[in-house]
Amino acid sequence: MAHGTAHIGDIPWRTEIVVGGHAITADEPEALGGQGAGPAPYDLLLASLGACTAITLKMYAARKGWPLQSLDVELHLGGGKDGMHIERRLAIIGLDEDQKARLADIAERTPVTLTLKGGLPIETTLA
């Protein structure tokens, strides 16, 4: 389904990622000892959720023939280790209130949303 690699070397916290044939640099901010050369890991998690939300809702509106002009997804990760949560806000231009409400409902069932809500087993082995 998907494949990715991550490599970290001498530069503190800078990580080179390749996923889906695309190169991404991840890092931590300077305040945490990084150089801010790229998004931090939780930023990448929010980026994945935001992209999946936007793409899924755009596809749904297109299939319905709805005149969606634009869609913005704002995300905020809050809480601590024992109570983390994500707040998602949709700004939708071009649709009526019923269509906007339907897209908000669909947002709760995008693939990445369902993965995050359901949890995902991770198996770690040594190469």
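All residue numbers in this chain count up from 1 along the given sequence. None of these values were measured; they are calculated from a predicted model.
- Under the 4.5 Å side-chain criterion, counting only non-hydrogen atoms from C-beta, D98 is not in contact with R102.
- No side-chain heavy atom of H7 sits less than 4.5 Å from a side-chain heavy atom of T15.
- Counting all heavy atoms, side chain and backbone alike, D27 lies closest to P41 at O-CD, 4.3 Å.
- L57 has its side chain within reach of L90: a pair of non-hydrogen atoms, C-beta onward, lies under 4.5 Å apart.
- Once rounded to the nearest 0.5 Å, the distance linking CD1 of I86 with NZ of K117 reads 10.0 Å.
- Of all non-hydrogen atoms in I8 and R14, the two that sit nearest each other are CG1-O, 3.3 Å.
- The number of heavy atoms from other shown groups lying within 6.0 Å of NE2 (H85) is above 12.
- The environment of CG in L126 is sparse: at most 12 heavy-atom neighbours from other residues, nucleotides or ligands sit within 6.0 Å.
- Between D105 and R109 a salt bridge is recorded (basic side-chain N to carboxylate O distance below 4.0 Å).
- Within the 4.5 Å cutoff, side-chain heavy atoms of R88 are placed close to those of T113.
- Side-chain atoms of S48 never come within 3.5 Å of backbone atoms of L44 as a donor-acceptor pair (strictly under, hydrogens ignored).
- Under the 4.5 Å side-chain criterion, counting only non-hydrogen atoms from C-beta, R89 is not in contact with H76.
- Between P39 and T25, the closest heavy-atom pair is CD-O, 3.3 Å.
- Of the inter-residue distances, the one linking K58 atom NZ with L68 atom CG reads 5.0 Å to the nearest 0.5 angstrom.
- Atoms OH and CG, on Y42 and L77 in that order, are 6.5 Å from each other to the nearest 0.5 Å.
- Taking a 6.0 Å sphere around CH2 of W13, one finds it holds 12 or fewer heavy atoms contributed by other residues, nucleotides or ligands.
- For D72 (side chain) and A91 (main-chain N/O), no donor-acceptor pair under 3.5 Å exists by modelled atom type.
- When all heavy atoms of P12 and G33 are compared, the closest pair comes out as CB-O, 4.0 Å.
- Interatomic distance, CD1 of I92 versus CD of Q69, reported as 12.0 Å (0.5 Å rounding).
- Rounding to the nearest 0.5 angstrom, the gap separating the CG atom in L103 from the OG1 atom in T53 is 11.0 Å.
- With rounding to the nearest 0.5 angstrom, the CG atom of L116 is 11.0 Å from the CE atom of M84.
- In this structure, I17 and A26 approach most closely via the heavy-atom pair CD1-CB, 3.7 Å.
- Side-chain heavy atoms closer than 4.5 Å link hydrophobic residues (I, L, V, M, F, W, Y) into clusters, and following such links, even through other members, never connects I24 to L45.
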